[in-house]
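All heavy atoms count here, side chains included; hydrogens, waters and symmetry mates do not.
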Amino acid sequence: MAESAAPSRGLDPLGFIAREGSLARVPHVFRPVVAAARDRVLDVFGARLDSAYLYGSVPRGTARVGRSDLDLVIVLREEPADADREAARALGAGVDKEFPEIDGVGALLYSRARVLSELERYDIGWFVACLCTPLLGEDLAEFLPRYRPDSLLARETNGDLAELLPRLRKRIAAAEDSEEALRPLVRSMSRHLVRTGFTLVMPRWNGWTSDLREMAEAFAGYYPERAGQLRRAAESGYEPVGDLAVLRSYVDDLGPWLADEYARVHGTKAPRPEGWN
């Protein structure tokens with residue numbers, strides 16, 4: 001059994017999760033990409049933009065040239081419409097096409113009211129406050145609480161896996177059976193399951209990390225019988241291979257087990273209004 005963490009394990013001296021990433025950590029090779037993304041977010045959303053953030057490996061300083069994606073959070077002053085989501089997708093596609101240094105651009109789009117809502121305080125709010133690096137506008141972390149790696153945070157971040165599994169099965173069934181089509185699915189589903197496995201044990205491990213391999217090792221200390229599966233998923237999160245058998249193992253075995261164990265340990269995530277995803 002893993003031992004309790006010291007405050008340095010992703011926590012500040014008071015035991016709160018320390019914010020990860022900063023613009024100063026963005027590797028030099030990715031700085032033109034970040035600058036272009038920042039300028040295009042401003043061009044596309046203009047005065048409707050409340051704030052924008054980076055997250056993931058680029059602001060953590062661990063991104064790999066030609067292998068890592070660029071991750072953005074865009075917060076608008078009002079609820080995003082379908083046209084806004086399409087504009088964000090087009091923006092990401094344009095940056096991805098222009099810069100071979102990155103392998104894809106992902107942009108999450110929310111309203112200011114949703115980020116700061118009571119319902120999202122321990123999910124999107126925590127995500128912005130702890131895992132996102134301010135890029136444009138007002139930093140909404142100033143209006144959010146400090147967070148500890150407790151069961152409430154675990155439940156509200158990843159306590160919806162059982163609800164997600166049917167959608168994941170549909171995505172797999174609809175995907176073309178090719179390496180090119182399946183590889184992004186393997187990468188995203190691998191990362192999701194590893195993070196879910198980690199937050200399952202996060203309160204006992206008493207810390208935070210965004211490193212997939214470290215997440216898998218933390219999980220292994222409490223569930224050795226499933227350790228091999230999560231370690232393999234962590235590797236697939238970094239080096240995915242478009243293998244349909246891997247995806248099926250996620251939705252037929254590892255995913256259902258994780259969902260059941262998560263509900264037993266932490267309960268399930270509070271329901272969201274229809275249309276929130």
Please report the closest heavy-atom contact between [X] and [Y], naming both atoms and the distance.
X: Ala129; Y: Leu144; value: CB-CD1, 4.1 Å
X: Arg121; Y: Tyr147; value: O-OH, 2.7 Å
X: Leu76; Y: Leu49; value: CD2-CA, 4.2 Å
X: Asp84; Y: Glu79; value: OD2-O, 4.4 Å

Would a distance-only check, ignoring hydrogens and angles, find a side-chain to backbone donor-acceptor pair under 3.5 Å from [X] to [Y]?
X: Arg112; Y: Val75; answer: no
X: Arg191; Y: Gly237; answer: yes
X: Asp260; Y: Trp257; answer: no

Measure the shortest side-chain to side-chain distance between [X] and [Y] over non-hydrogen atoms and say whether it is less than 4.5 angstrom.
X: Asp243; Y: Ser236; answer: no
X: Val95; Y: Ile102; answer: yes
X: Tyr110; Y: Leu140; answer: no
X: Glu217; Y: Leu230; answer: no
X: Phe143; Y: Val115; answer: no
X: Leu23; Y: Leu54; answer: yes
X: Arg25; Y: Thr133; answer: no
X: Phe45; Y: Ile74; answer: yes

Can you name the salt bridge (charged side-chain N to carboxylate O under 4.0 Å, His left out) partners of [X], sequence neighbours left out?
X: Glu86; answer: Arg89
X: Glu20; answer: Arg60
X: Arg64; answer: Glu239
X: Arg148; answer: none

Side-chain H-bond candidate by donor/acceptor type, Ser51 with Glu138, under 3.5 Å: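 Distance-only check fails for Ser51 and Glu138.
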Donor + acceptor pair across side chains of Ser190, Tyr250 (<3.5 Å):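 A pair is found: one side chain offers a donor N or O, the other an acceptor, under 3.5 Å apart.
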Candidate pair Ile172 and Leu244, rule side chain to side chain contact (heavy atoms under 4.5 Å, CB included), full reasoning: CA-CA 8 Å; Ile172 294 169; Leu244 189 58; 3.6 Å; yes
Who passes side chain to side chain contact (heavy atoms under 4.5 Å, CB included) against [X], sequence neighbours left out?
X: Pro32; answer: Phe99
X: Asp123; answer: Glu120, Thr157, Lys269, Arg272
X: Leu152; answer: Tyr122, Asp150, Arg155, Glu156
X: Pro134; answer: Arg19, Tyr53, Asp139

Interatomic spacing from CD in Glu261 to CZ in Arg264 - rounded to 0.5 Å: 4.0 Å
Pairwise distance CG(Leu136) to CG(Leu42) - rounded to 0.5 angstrom: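 The distance works out to 4.5 Å.
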What residues, two or more places apart in sequence or in another chain, satisfy ring pair (Phe, Tyr, Trp, His ring centres under 6.0 Å) together with [X]?
X: Phe219; value: Tyr223
X: Phe127; value: Tyr55
X: His192; value: none

Test: [X] and [Y] ion pair at under 4.0 Å:
X: Asp82; Y: Arg85; result: yes
X: Glu235; Y: Arg232; result: no
X: Arg48; Y: Glu78; result: yes

Side chain to side chain contact (heavy atoms under 4.5 Å, CB included) assessment of Leu153 paired with Ile17: CA-CA 11 Å; Leu153 184 61; Ile17 297 174; 3.6 Å; yes
Close aromatic pair by centroid cut-off 6.0 Å: Trp205 and Tyr222: no
Hydrophobic cluster identity match, Leu109 and Val73, side-chain contacts under 4.5 Å: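 The answer is no; the residues belong to distinct hydrophobic clusters.
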Residues in side-chain hydrogen bond (donor to acceptor under 3.5 Å, both in side chains) contact with Asp69, at least two apart in sequence or another chain: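 None.
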Intermediate values then yes/no, side chain to side chain contact (heavy atoms under 4.5 Å, CB included), Leu70 and Phe30: CA-CA 9 Å; Leu70 181 72; Phe30 292 106; over 6 Å; no
Heavy-atom neighbours of Arg77 CZ exceed 12 at 6.0 Å: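 Atom CZ in Arg77 is crowded, with more than 12 foreign heavy atoms closer than 6.0 Å.
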Heavy atoms of other groups near Glu180 CD, more than 12 under 6.0 Å: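 Not buried by this count: 12 neighbours or fewer within 6.0 Å.
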Pair Phe198-Asn158, side chain to side chain contact (heavy atoms under 4.5 Å, CB included): steps then yes or no: CA-CA 10 Å; Phe198 170 70; Asn158 288 304; over 6 Å; no
